[in-house]
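The structure under discussion appears below in the form of structure tokens.
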Amino acid sequence: QVQLVESGGGLVQAGGSLRLSCGVSESIVSVNVMAWYRQAPGLQRELVAKISTYGNTNYADSVKGRFTISMDNAKNTVHLQMNSLKPEDTAVYYCKAESVRVRIGTRGFDYWGQGTQVTVSS
């Protein structure tokens, strides 16, 4: 069973930085896209940033210029560097891997991480 292992959340003051990481727990054949979502209390889960294995990236408007997503294709690991954090960035951050193939010739499936809490104090 493929699992996504997240790390790097925590408590930081406004203006500070955090780096989130997410890796795939077992050997896989391929993954198309890895992404970070977040969900604040009472709100829907929203896309923060995503990156394809070709390096194409997409960011939510609210994080452009502050967050940077990167991917280590060899290790199937994605990172989210978060700078200039604001209290409104407080949320549980979830990693998602899209179209993961564990064997050649099989269909791809999406997987979610368990979530990591990010809290930004004012």
Side-chain angles (χ1 to χ4, degrees):
Q1 177 71 14
V2 173
Q3 292 184 326
L4 302 184
V5 180
E6 300 157 339
S7 61
L11 173 63
V12 66
Q13 288 188 332
S17 298
L18 283 173
R19 179 177 169 89
L20 304 182
S21 296
C22 171
V24 182
S25 63
E26 63 179 71
S27 178
I28 61 174
V29 174
S30 65
V31 56
N32 282 3
V33 172
M34 296 192 77
W36 287 97
Y37 287 73
R38 67 186 180 188
Q39 187 167 19
L43 299 179
Q44 288 188 330
R45 191 174 297 188
E46 63 174 359
L47 174 68
V48 176
K50 61 175 22 179
I51 184 168
S52 75
T53 52
Y54 297 103
N56 299 317
T57 58
N58 189 22
Y59 294 92
D61 288 343
S62 59
V63 307
K64 283 180 181 176
R66 300 188 298 122
F67 291 10
T68 302
I69 190 169
S70 60
M71 186 170 173
D72 183 336
N73 289 351
K75 297 181 180 179
N76 294 314
T77 300
V78 65
H79 306 284
L80 185 68
Q81 179 65 43
M82 304 186 294
N83 298 328
S84 302
L85 282 161
K86 304 174 181 180
E88 50 264 43
D89 294 318
T90 296
V92 178
Y93 283 69
Y94 296 90
C95 176
K96 182 184 182 185
E98 297 180 3
S99 194
V100 177
R101 289 175 175 78
V102 296
R103 287 186 297 276
I104 295 174
T106 60
R107 59 166 290 187
F109 292 91
D110 296 348
Y111 295 91
W112 288 91
Q114 78 284 359
T116 184
Q117 178 70 45
V118 171
T119 302
V120 184
S121 62
S122 58

Nearest heavy-atom neighbours spanning Cys95 and Glu6 = N-OE2, 2.6 Å
message = For a quick test of reading the model, state the closest non-hydrogen atom pair linking Val24 to Met34 and the distance between them.
response = CG2-CE, 4.3 Å
query = From Thr116 OG1 over to Leu80 CG, what is the distance, rounded to the nearest 0.5 angstrom?
reply = 11.0 Å
request  = Kindly say whether Glu98 contributes a backbone atom to a donor-acceptor pair with the side chain of Asn32 at under 3.5 angstrom?
outcome  = no
query = How long is the span from the CZ atom in Arg38 to the CZ atom in Phe67, to the nearest 0.5 Å?
reply = 5.5 Å
request  = Could you tell me which non-hydrogen atom of Val120 sits nearest to which non-hydrogen atom of Thr90, and how far apart they are?
outcome  = N-OG1, 2.9 Å
message = Under 4.5 Å between side-chain heavy atoms, counting indirect links through other Ile/Leu/Val/Met/Phe/Trp/Tyr residues: same cluster for Met71 and Tyr94 or not?
response = no
key: Same apolar cluster: Val102 and Phe109, side chain cutoff 4.5 Å   = yes
ask   = Minimum heavy-atom separation for Ser17 to Ser84, with atom names?
value = OG-N, 4.4 Å
query = Under a 4.5 Å cut-off applied to non-hydrogen side-chain atoms, are Leu47 and Asn58 in contact?
reply = yes
request  = Would you give the length of the straight line joining atom CD of Glu26 to atom CD of Gln1, rounded to the nearest 0.5 angstrom?
outcome  = 7.5 Å
query = Rounded to the nearest 0.5 Å, how far does NZ of Lys50 lie from CD1 of Ile69?
reply = 9.5 Å
task = Check Leu20 against Met82 and note the closest heavy-atom contact, atom names and distance.
result = CG-CE, 3.7 Å
query = Roughly how far, to the nearest 0.5 Å, is the CG atom of Leu4 from the OG1 atom of Thr77?
reply = 10.0 Å
ask   = Same cluster for Trp36 and Trp112 if Ile/Leu/Val/Met/Phe/Trp/Tyr side chains link at under 4.5 Å?
value = no
query = Under a single-linkage definition using a 4.5 Å side-chain heavy-atom cutoff for Ile, Leu, Val, Met, Phe, Trp and Tyr, are Val78 and Val92 assigned to the same hydrophobic cluster?
reply = no
ask   = To the nearest 0.5 Å, how far apart are OG in Ser122 and NZ in Lys86?
value = 14.0 Å
ask   = Are Val33 and Tyr111 co-members of a hydrophobic cluster defined by side-chain heavy atoms under 4.5 Å apart?
value = no
request  = Could you tell me which non-hydrogen atom of Ser25 sits nearest to which non-hydrogen atom of Val2, and how far apart they are?
outcome  = OG-C, 3.9 Å
message = So for atom CG, which belongs to Leu43, do other residues, nucleotides or ligands contribute more than 12 heavy atoms lying within a distance under 6.0 Å?
response = yes
